[in-house]
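Read through the structure below, which is laid out as structure tokens, and then see the notes.
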Amino acid sequence: MISDYEQQIYGYADKEFNIASPSQLAEVLFDGLKLPTNGIKKGKTGLSTAATELDKLRNKHPIIDLITQFREVSKLKNTYVDTLPSQVDEQGRIHTTFNLTVAQTGRLSSSDPNLQNIPIRTELGRRIRTAFIAGKGKKLVSADYSQFELRLAAVLADDKQLIDIFNSGADIHTETAALIYEREEEDVTKQMRSAAKTINFGIIYGMSPHGLSVATGMTNFQAANFIDKYKEVRKPIFEYMDHVKDQAKKDGYVATLFGRRRPMPDINSSNFAIRQGAERAAINMPIQGTEADLMKLAMIKVDGLIKSKFKNCNMLLQIHDSILMECNEEDANEVAHILKSTMEEIYKLPIKLDVDVSIAENWGEL
DNA sequence: AAAGAAAGCGCG
DNA sequence: AAAGCGCGCTTTCTTT
């Protein structure tokens, strides 16, 4: 209950204030309660109260957990619970707008309302998805590419070892941890796998040692060592990243596997921060952009196949690496199969693509 | 009163 | 000096 959190927070703060106001919250935490400010990021207006910063204060004061929970619940209420019902039409359906020319990488975006960011990561948030239900006599069918971007990074970098790991069906993060820590797979701990997972994803965004240390809790030194080891293990990935950066600096653009370009006007900026930002964006674009290209091809092909074969079967949403469809109950298994095979075989690549499908009455159970 | 910046956070 | 890509939405606070 939001008001319960509010009362408890006011109790610890010894006064009522607007918890949703970062400046008032910072005043309570750092002036009133005198919580330590070393290591807390500063923004343009003062000390940050973002979740990553509050995390550093977790064991310093019980008010921190309450603020985190207050934020989770108020975010879900304000953004989803209070707004989505009013956007439902007479048929009981809700409609988004897919924008095709907004995202710099070629992805779709969704707005009014955004149905590409409906919660799933927390138990409470996931419950919001259960409100999205299939029509009478129908089922929802979802199909998700598994580790799509990392597979594409392996292909673009022509990293044979990484491609082999994916094609063998092994757990990519465990395998990476085994290589970095020089252990057998069965001796990889949860922490090792988690660190490998962070870097597997972080690397395709151009993550630095500092970023890795913040994300994992390692020291800067440990993070730098870890990345050095990763560099040895995944040489082709790093050579590829250098190659993309060089190309961008020379040509002023980067491109997807299919040649679709993104101009990179800031890639030679004399401003260090701007230039580095452009470099990270350049590294990521061919990967995220190729994902978007393949998804569009898959959507077109799936739609053609489905429309010619089934009645009352429609694509409802695309969420970057997944497609959500609704079809008659009796067609669900077949639709799922068509989705899986079409998406996995959409384009001949040196890597196996893997699509997970599932069928349910509501979005929360998928 | 409206418009914009900033902070924060939901998703992939 | 900065430190992880791509989005859209809500709230607070400031500027016009």
Side-chain angles (χ1 to χ4, degrees), chain A residues 17-26 41-54 67-68 70-84 87 96-122 124-126 128-129 144-150 153 198-216 220 223-224 227 241 244 254 262 271-289 291-292 295 317-324 363:
Chain A
F17 66 103
N18 188 344
I19 306 165
S21 162
S23 72
Q24 289 180 45
L25 180 60
K41 220 178 352 181
K42 281 195 198 122
K44 296 184 176 173
T45 51
L47 288 160
S48 167
T49 68
T52 51
E53 306 310 305
L54 294 188
I67 292 163
T68 303
F70 168 86
R71 284 216 174 126
E72 181 189 353
V73 179
S74 57
K75 174 84 176 184
L76 295 174
K77 179 174 190 291
N78 291 335
T79 309
Y80 306 102
V81 178
D82 285 349
T83 60
L84 290 176
Q87 312 199 47
T96 185
T97 300
F98 280 106
N99 312 292
L100 281 73
T101 57
V102 171
Q104 298 299 301
T105 55
R107 277 187 172 183
L108 306 188
S109 82
S110 162
S111 59
D112 302 301
N114 181 355
L115 295 185
Q116 288 180 323
N117 74 341
I118 302 301
I120 191 169
R121 292 177 188 174
T122 66
L124 187 64
R126 196 188 184 100
I128 291 170
R129 290 201 176 204
D144 300 44
Y145 279 107
S146 160
Q147 277 136 1
F148 203 2
E149 290 191 327
L150 204 44
T198 300
I199 198 174
N200 270 335
F201 284 109
I203 217 68
I204 56 184
Y205 303 143
M207 194 184 226
S208 67
H210 171 82
L212 182 64
S213 72
V214 169
T216 59
N220 255 301
I227 290 179
M241 297 190 329
V244 169
V254 289
R262 171 179 177 176
N271 180 312
F272 183 86
I274 293 189
R275 187 173 68 249
Q276 293 252 314
E279 287 177 4
R280 293 193 298 273
I283 288 168
N284 179 257
M285 186 274 173
I287 302 167
Q288 190 180 118
E291 168 194 55
M295 269 303 283
L317 296 176
Q318 183 257 44
I319 311 182
H320 312 308
D321 63 357
S322 74
I323 293 174
L324 180 66
W363 199 6

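Sequence lines set the chain letters: A, B, ... in the order given, protein chains first and strands last, and positions in each chain run from 1.
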Given that both pair distances must be under 3.5 Å and the pair must be Watson-Crick or G-U, what runs of three or more consecutive pairs involve DNA chain C?
B:1-12 with C:5-16

[X] near the nucleic acid: base, sugar-phosphate alone, or nothing, with a heavy-atom cut-off under 4.0 Å?
X: A:Ile204; answer: nothing
X: A:Ala51; answer: sugar-phosphate
X: A:Gln276; answer: nothing
X: A:Ser23; answer: sugar-phosphate
X: A:Glu149; answer: nothing
X: A:Arg262; answer: sugar-phosphate
X: A:Ser48; answer: sugar-phosphate
X: A:Ile283; answer: nothing

Name all residues meeting the side-chain contact (heavy atoms from CB on, under 4.5 Å) criterion together with [X]; count only those two or more places apart in sequence or in a different chain, and write none if there are none.
X: A:Lys77; value: A:Ile2, A:Asp82
X: A:Ser21; value: A:Asn18, A:Ser23, A:Gln24
X: A:Val102; value: A:Asn99, A:Ser109
X: A:Ser146; value: A:Arg151, A:Asp354, A:Asp356

Between side-chain atoms of residues 272-282 of chain A and protein atoms elsewhere (two or more places apart, or another chain), which donor-acceptor pairs fall under 3.5 Å?
unit_1   : atom_1 : unit_2   : atom_2 : d
A:Arg275 : NH1    : A:Ser269 : O      : 2.8
A:Glu279 : OE2    : A:Lys249 : NZ     : 2.7

The first and last nucleotides of DNA chain C lying within contact of chain A, meaning any atom under 4.0 Å from one of its heavy atoms, run from C:dA1 to C:dC13

Please report the distance, rounded to the nearest Å, between CZ in A:Phe70 and C1' in B:dG10.
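Rounded to the whole Å, the gap is 16 Å.
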
Decide whether A:Thr198 and A:Thr216 meet the rule of one side-chain donor and one side-chain acceptor closer than 3.5 Å.
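Result is no, nothing qualifies.
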
Examine B:dG10: is either OP1 or OP2 under 4.0 Å from a nitrogen or oxygen in the side chain of A:Arg121? Give yes or no.
no

If I pick the P atom on C:dA3 and the same atom on B:dA6, what distance separates them, to the nearest angstrom?
15 Å

Distance between C1' atoms of C:dA2 and B:dC9 (Å, rounded)
22 Å

What nitrogen or oxygen pairs link the protein and nucleotides 3-5 of chain B at under 3.5 Å?
none

Which pairs, with at least one residue in residues 204-214 of chain A and sequence neighbours excluded, count as a salt bridge (Lys or Arg N to Asp or Glu O under 4.0 Å)?
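Qualifying pairs, neighbours excluded: none.
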
Pairwise salt bridge (Lys or Arg N to Asp or Glu O under 4.0 Å) hits with a residue in residues 108-121 of chain A, at least two apart
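Checked against salt bridge (Lys or Arg N to Asp or Glu O under 4.0 Å) - neighbours excluded - no pair reaches residues 108-121 of chain A.
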
What distance separates [X] [atom1] from [Y] [atom2], expressed to the nearest 0.5 Å?
X: A:Arg71; Y: A:Asn78; atom1: CZ; atom2: CG; answer: 12.5 Å
X: A:Gln104; Y: A:Asn284; atom1: CD; atom2: CG; answer: 12.0 Å
X: A:Ile67; Y: A:Leu25; atom1: CD1; atom2: CG; answer: 4.5 Å

Validation: residues 199-215 of chain A side-chain donor-acceptor distances under 3.5 Å, sequence neighbours left out:
unit_1   : atom_1 : unit_2   : atom_2 : d
A:Asn200 : OD1    : A:Tyr230 : OH     : 3.1
A:Asn200 : ND2    : A:His173 : ND1    : 3.0
A:Asn200 : ND2    : A:Thr176 : OG1    : 3.3
A:Asn200 : ND2    : A:Ala196 : O      : 3.4
A:Ser208 : OG     : A:His210 : N      : 3.4
A:Ser208 : OG     : A:Gly211 : N      : 3.1
A:Ser213 : OG     : A:His210 : O      : 2.7

For residues 102-111 of chain A, which residues have at least one heavy atom under 4.0 Å from DNA chain C?
A:Val102, A:Ala103, A:Gln104, A:Thr105, A:Arg107, A:Ser109, A:Ser110, A:Ser111

Where do A:Glu149 and A:Arg107 come nearest, in terms of heavy atoms and distance?
OE2-NH2, 3.6 Å

